[in-house]
Every structure is written in C-alpha cells, then in structure tokens.
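So the structure is just underneath, and the comments pick up after that.
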Amino acid sequence: MWTVASYVLRQKLAGRKQYPLVLMLEPLFRCNLACAGCGKIQYPAHILKKDLSPEECFRAVDECGAPMVSIPGGEPLMHPQIDKIVEGLVARKKYIYLCTNALLLKEKIDLFQPSKYLTFSVHLDGQREEHDLAVCREGGYDIAVDAVKEALKRGFRVTTNTTLFDGASPKSVRAFFDEMMDLGVEGMMLSPGYSYDKAPDQKHFLGRARTRRMFRAILSNRKKTWQFNLSPLFLEFLMGKRTYPCTPWGMPTYNVFGWQKPCYLLQDGYAETFKELLETTEWQNYGTESGNPACANCMVHSGYEASAVNATFSSLAGFLATVKATLSTSYKDEEALRTLEEPQAPVNPLIQIAPTQNASHSLQETRA
Ligand code: SF4
C-alpha cells in the first residue's frame, strides 16, 4: 500500500495526468482451460504458440514503470521461462501478481522462492460447483484449493481472483469468501466479467444495473473477517455507491502483439512502445461516458480500479472517503439482506465450447 501511495503521490507532484498503476503483462495466450467467459484463448494456433521472452517482458516493465505487474494470460505457468520472468521482476522490486488457475501450481512450485514481491493470484470463480462450471472443468476447484494450501504451507503470498457473471448466487459468493478466508489467503479480488465478443458463452454477461445489484447484495453487511485485495472505493463503485470514468491507461496491457489499445479488454490496434500507446490512443473514445458500445456495460477491475485509486489521491474528500471505507467496513443494508434470500436460477450445465457463431451481440442495459 505504501509503495502504491508513494508512487501515485510522486506522479501527482510531477503533474502527470496519465500514469500506469499495474502493468498487465501477458507473456502467452495458451491455457490449459477453456473457460466459457474467456476471450483470450480463441486465437489461431500460430498465435497461441507464441511466448514473450523474459527480455521482452523486462523491456516492457522498465518502459512502463508501474510499481505492480499482473501476469495473466493464458496460463502463465505454461510459459517455459516463467521462473526467469518472475526472478527478473523480483530483482526489479516489482510487486507481481502471477494469475494462475493453479492446475500446474503444485507441479511447478519448486521453480519459485517465496518473496514479498511475489503473490500467486489464484483464479477461483466461487464455490466448488460454481467454479467448475465457470471454468468448464470438473475437479478444477479441488485442484486449485489443494495448490493454494501447498503454496501457503511453503510461505508464499496467495490471493484469489474471482470473476462473476450473471446468475451468480450472492449467498454462495459470500460463503465462498468464508471458505477462502478459512484457507488463509491474504486477500480476494473481484470483478464482474466483461462481455468479450470472442467468449463462447455470450448469455451470462452482466449489464451495469444488474452488476450493481449483485455486488450490493454480496458486499453489504460485510463480515469483518473478509479481506479484499482491492481499493475500498472500487468496491463501493461495484455496489453502485460511486461512479467513475474509466481509466484505461491505469492498467495498460503488453502481450505478443505489443501494447494493446486501449485496455486489457479491447483490441483497437497496438503500439510499439508505451509512449506511443499513451500518445496515439484516442482515450476520449473509451469509457462508459464516451458512448462507445464496447464500453457501455463495462465495470471491470482493469478499467475502474485505477479510477478509484486516482480518486483517493486527487482530493482530500477522496482520501477521507477511502479512510472511512477502510475503517467502517460493515455496510449495513436491510434491502441487500432481502436480496440474498431471493430464489436463484438453477445452476446451468457445463457449457460446451464451440466456435463463436455471432461475434456481435446486443447490449442489454446500455449505460444503465
Ligand atoms: S470501459 Fe472497459 S472496455 Fe472500455 S476502455 Fe474502459 S476497461 Fe476498456
């Protein structure tokens, strides 16, 4: 927290309007899962075979200068030199979130050394049934939980990252939080899913109004034991208590194509350098307020958490709101309690992955 706070304050004092907070470094797109809500693994085989070299990763990290590096993918543990990449980033004192589905974590754990700079951010989308359904893999939850226990036993930092889609049961998500805290993970990260055109399952993406309702049910009447690895103002944003413009430059993405314009989710071209990304992207064309239909329903972490962090450090009111949100975490809400008791739709059967028939789908709750 101190590293992030001092970094943001330095950017503010230097008068920088656009500064990166987290670099999303995708060293490959290959994965050992085929999740229904994922838009990353639908590339042709010759792209899926590509890897960023450790040197390419270091160049991007040095060029960008963000204090934190998130390594998603694909599945980063399938990268043949992931240990070298992590080693080089630890040497640079970057806080690394290695985002893994943990299927290979036990097998590869000897490649890594515990460090305050390295956190395994384990992808778990809810309790056993919900997670296995989301990742289209029976037994995925048990393997991941087993790997979390092993990593914790060996002294690694472990957090979870959870993407929620329409139909998620708030009650079950809350029970999942209890399970994760009992396991001993350090914190939990949450985000609504983004409606990738390439994702095989196009039916279960949330609109903004439904996102707020669902997160209000989940995050109100909060237990003291729950620890989130997110800005408290971003959680309030998800609950509908705050609105923010998107900050796509806050979490820039570098992958085998280069610097992705404008964000982790959209692909409106690529830049060769980070400077070129900042200078040539038409940022005004993105975010909910821009009227861009691709942004209309988006409330994802990679677009809006940097907005929440920026709000904390942009004014005294933002700073005091963060302090208040950190100290008074219960968010008592009777209506949210009633929402928890609403009947839930039955869990759907596992989705069969097939090529996407119709890439453009209708947006249901545009700018709700
Ligand atoms: S609103 Fe979402 S999709 Fe649009 S630029 Fe921001 S993060 Fe990307």
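Counting convention: from 1, in listed order, for ligands and their atoms alike.
The ring-ring contact (aromatic ring centres under 6.0 Å, His included) search around Phe177 returns Trp226, Phe228, not counting sequence neighbours.
When hydrophobic side chains of Ile, Leu, Val, Met, Phe, Trp and Tyr are connected at separations under 4.5 Å, Leu327 ends up clustered with Phe319, Val323.
A salt bridge is defined here as a Lys NZ or Arg NE, NH1 or NH2 lying under 4.0 Å from an Asp or Glu carboxylate O, and Arg338 with Glu341 fails to meet this definition. With salt bridges taken as basic N to acidic carboxylate O contacts below 4.0 Å, one links Arg154 and Glu150.
Listed by chain and number, the protein N, O or S atoms at a distance under 2.8 Å from atom 6 (Fe) of ligand 1 are Cys246 SG.
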Show which side-chain atoms of residues 92-104 pair as donor or acceptor with protein atoms under 3.5 Å away, not counting sequence neighbours.
residue: Arg92; atom: NE; partner: Asp62; partner atom: OD1; Å: 2.9
residue: Arg92; atom: NE; partner: Asp62; partner atom: OD2; Å: 3.4
residue: Arg92; atom: NH1; partner: Gly88; partner atom: O; Å: 3.1
residue: Arg92; atom: NH2; partner: Asp62; partner atom: OD2; Å: 3.3
residue: Lys94; atom: NZ; partner: Ala66; partner atom: O; Å: 3.0
residue: Thr100; atom: OG1; partner: Glu75; partner atom: OE1; Å: 3.3
residue: Thr100; atom: OG1; partner: Glu75; partner atom: OE2; Å: 2.9
residue: Thr100; atom: OG1; partner: Ala102; partner atom: N; Å: 2.8
residue: Asn101; atom: OD1; partner: Leu103; partner atom: N; Å: 3.0
residue: Asn101; atom: ND2; partner: Asn32; partner atom: OD1; Å: 2.7
residue: Asn101; atom: ND2; partner: Glu75; partner atom: OE1; Å: 3.2

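For Tyr43 and Phe257, the gap between ring centers is short of 6.0 Å.
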